[in-house]
Amino acid sequence: MSGLKVVFWKELADYLGSRKFLILFIIILISAISIVFILSQNIGEYSSEISKDYVFLNFFTISLGALPSFIFFVSFFGPLIGIIFGFDAINSERSKGTMSTVLSQPIYRDTLINGKFLAGFATISIMLISIILIILGLELGVLGIVPNLEEISRIIVFFIASVIYIGFWMSLGILFSIIFRQTTTSALVSVMMWIFFAFFVLMISSVIADQVAPLNQNSTLEMVAKNENIKSMIMHISPVVLFQEITIALLNPSARAFGISALIKGSNLLPTPLPLTQSLMVIWPQFVGLIALMLICFAVSYVIFMRQEIRAT
Amino acid sequence: MKTVILEAKNLTKVYNHTKVVDSINLQIEEGEIFGFLGPNGAGKTTTILMALGLTEPSSGEINVFGYNSTKEPLKVKKVTSYLPENVGFYEDLTAQENLKYITRLNGIPDKKADKKIEEVLEIVGLSEVAKTEVGKFSKGMKQRLGMGAVLVKEPRLAILDEPTTGIDPKGVEEILELIVRMSRERNITVLLSSHLLYQVQKICTKIGIISQGRIVAQGSIKEIGKSLLKDEKENLLEIKVANKLTSTIMESIKKIEGVMEVEKKSPDHSLEEIYIKYFREE
Ligand SMILES: Nc1ncnc2c1ncn2[C@@H]1O[C@H](COP(=O)(O)OP(=O)(O)OP(=O)(O)O)[C@@H](O)[C@H]1O
Ligand SMILES: [Mg+2]
């Protein structure tokens, strides 16, 4: 076996056998199951909200009173899952003194970090696949709804997007685990980034937009558009926003545009579902953005790690 | 002449504009137990890390088995074992699993590795806890497992950075014994860093003394001792008193013209030796 394979399997076994994986898995599983069951019991009440063509996808998108939808769950808690997997990847090895032992074996230094990244992505994939399969199984078994091909392809793309999204947060966690020597610091900073991207970026974007292009009663439509454009530009640095738009377009086949352009064109007023290829056209910039963010995190982690001293102090 | 296993030429490392290792020249020959001595912060660990290719020298070079440690670290690490200053293991893996990870990283086939691991755990006295998580190990057990990790990859050179810190005297004896056996029975060359003179004196065939990044003495203990203590020996006088050595006696000797210092000599047995004897008898 090559060094990379050895590190990969060791890290994967660590992840899958860890308590944090078990706890996260159980939490997500319980929420997924409850969504399916509550929905199955109240299916009549929601019939008006359910789109007839894509019955199956509704289970990912519909929120039931107090219970959030599954995609909300992924977009909101996905970052936490990623952070939990990443935040102590390197600094815990350093503080426990395992890093010098491992790196004094005949492997290159990047083997360790590559193996950790790959194992992290594998863990996220395994987690998501099993949960999606469980939801599929429950829907088939409990409700007897069979997904059509279009729906299955959409779920597969959704799965890929989710892996990249959670993977981004894991990469960010790993980056901070390289920068900060203490696990508490890296955890805290990662969570702060999450709060920033999930909540503050929205506030900041409108504050900045109002500064640059202030609006009043007699603002022209162009002014409104400019304001909205600035706002949306800033908002789109947030992986949370990118992911939310991707999932909405994927699992809500009628979505065709976002933000002001959607309002102006009025395209959302005609909810005829789009085929998958069309939906992908709508979201490809967001997809590329998400992948780029993830790659940046990885590249920066890599460069810093390769230059860092091995020693704990 | 024996083959040179490790050789540093004008090796220098600069951290924040200070030379932590200052153009040192070192030679370690096959079969030696080389004691690398020096106070805290002298640059021992830094030198060791450069030998393993884990830190890059600022200038100069260090070769192990003829391979440049910076340019061909994998070839060096393949035949060299390293026991870090604060050795650590994966706490939720067992002793056996931890060693298995090391053999796998060295590309040793599992079947061969299993036998080797069993043998090594026997040698370091951890057979009974082979299947216990390392998190439950004491500091001394971890250190012994560290020695196991050194042995398991069948190295030709073992670099041990303060292998006896934080260990009780009995454990220290065991580890020193193990190092000597390792060197004799397996023909492993050993580089051992320490600041405990007594231990080094006991097992090392050659020593190098480093201070503030510079090698101040290198050679066998006899050679160094001779040159260092020569002038001191010539003006020392030992006096034995009949009854109890009182301060008045000492005062009066001191009053004699030409006497520079009067010091009470401690008994021959050091506290450490007494301690060990005490625990051996139990
Ligand atoms: N990454 C670093 N950045 C800056 N200075 C460093 C770094 N690593 C070590 N040093 C400094 O280099 C000097 C030598 O350290 P080194 O660890 O090699 O000493 P040592 O001989 O191993 O000491 P000890 O007996 O305490 O282990 C110390 O003064 C230390 O502060
Ligand atoms: Mg040191």
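Letters A, B, ... are given to chains in the order of the sequence lines, protein chains preceding strands, and every chain is numbered from 1. When reading the values below, keep in mind they use all heavy atoms of this one structure, side chains included, and skip hydrogens, waters and symmetry mates.
Here B:Asn106 is the residue among B:Leu52, B:Asn106, B:Ile159, B:Asn98 with the most heavy-atom pairs under 4.5 Å with chain A. Each of A:Gly17, A:Ala13, A:Gly97, A:Pro106 has some count of heavy-atom pairs under 4.5 Å with chain B, and the biggest count is that of A:Pro106. Between chain A and the residues B:Thr55, B:Val76, B:Thr80, the most heavy-atom pairs under 4.5 angstrom are made by B:Thr55.
The contact between B:Glu91 and chain A is made entirely by side chain atoms (from C-beta outward), counting heavy-atom distances below 4.5 Å. With a threshold of 4.5 angstrom between heavy atoms, B:Asn86 approaches chain A through N, CA, C or O but not through any side-chain atom. For chain A, no part of B:Thr103 is nearby; none of its heavy atoms comes within less than 4.5 Å. Within the 4.5 angstrom heavy-atom criterion, only side-chain atoms of B:Leu93, from C-beta onward, approach chain A.
Between A:Ile310 and B:Leu54, the shortest heavy-atom contact is CG1-O, 3.4 Å. Across all non-hydrogen atoms, the minimal contact from B:Lys153 to A:Ser104 is NZ-O, 3.5 Å. A pairwise comparison of heavy atoms in A:Gly3 and B:Leu105 identifies O-CD2, 4.2 Å as the closest pair.
For B:Arg104 (side chain) and A:Lys5 (main-chain N/O), no donor-acceptor pair under 3.5 Å exists by modelled atom type. Panel note: side chain B:Lys77, backbone A:Tyr108; no donor-acceptor pair is recorded below 3.5 Å.
With A:Thr101 as reference, B:Ile102 is the one residue of B:Leu83, B:Val150, B:Ile102 to meet the side chain to side chain contact (heavy atoms under 4.5 Å, CB included) rule.
Around atom CD of B:Glu119, more than 12 heavy atoms belonging to other residues, nucleotides or ligands sit under 6.0 Å away. Within 6.0 Å of CD on B:Glu122 lie no more than 12 heavy atoms contributed by other residues, nucleotides or ligands. The environment of B:Lys19 atom NZ is sparse: at most 12 non-hydrogen atoms of other residues, nucleotides or ligands sit within 6.0 angstrom. With a 6.0 Å radius and a threshold of 12 heavy atoms from other residues, nucleotides or ligands, B:Glu72 has its CD atom above the threshold. Enclosure of atom CZ in A:Phe121 by more than 12 non-hydrogen atoms of other residues, nucleotides or ligands within 6.0 angstrom is indicated. Counting heavy-atom neighbours within 6.0 Å of B:Lys71 NZ, excluding the residue itself, gives a total of 12 or less. By the neighbour-count criterion of 12 heavy atoms within 6.0 Å, atom CZ of A:Phe200 is sparsely surrounded, having that number or fewer from other residues, nucleotides or ligands.
In this model, no donor atom of one side chain and acceptor atom of the other lie less than 3.5 Å apart for A:Gln105 and B:Tyr82.
Taken to the nearest 0.5 Å, the CG atom of B:Asp92 stands 6.0 Å off from the CG atom of A:Asp14. Atom OG of A:Ser100 sits about 11.5 Å away from atom CD1 of B:Ile48, to the nearest 0.5 Å.
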Q: Report the C-alpha distance between B:Tyr90 and A:Val102 in whole Å, list the side-chain angles of each, state the deciding distance to 0.1 Å, and finish with yes or no for side chain to side chain contact (heavy atoms under 4.5 Å, CB included).
A: CA-CA 11 Å; B:Tyr90 295 101; A:Val102 170; 3.4 Å; yes

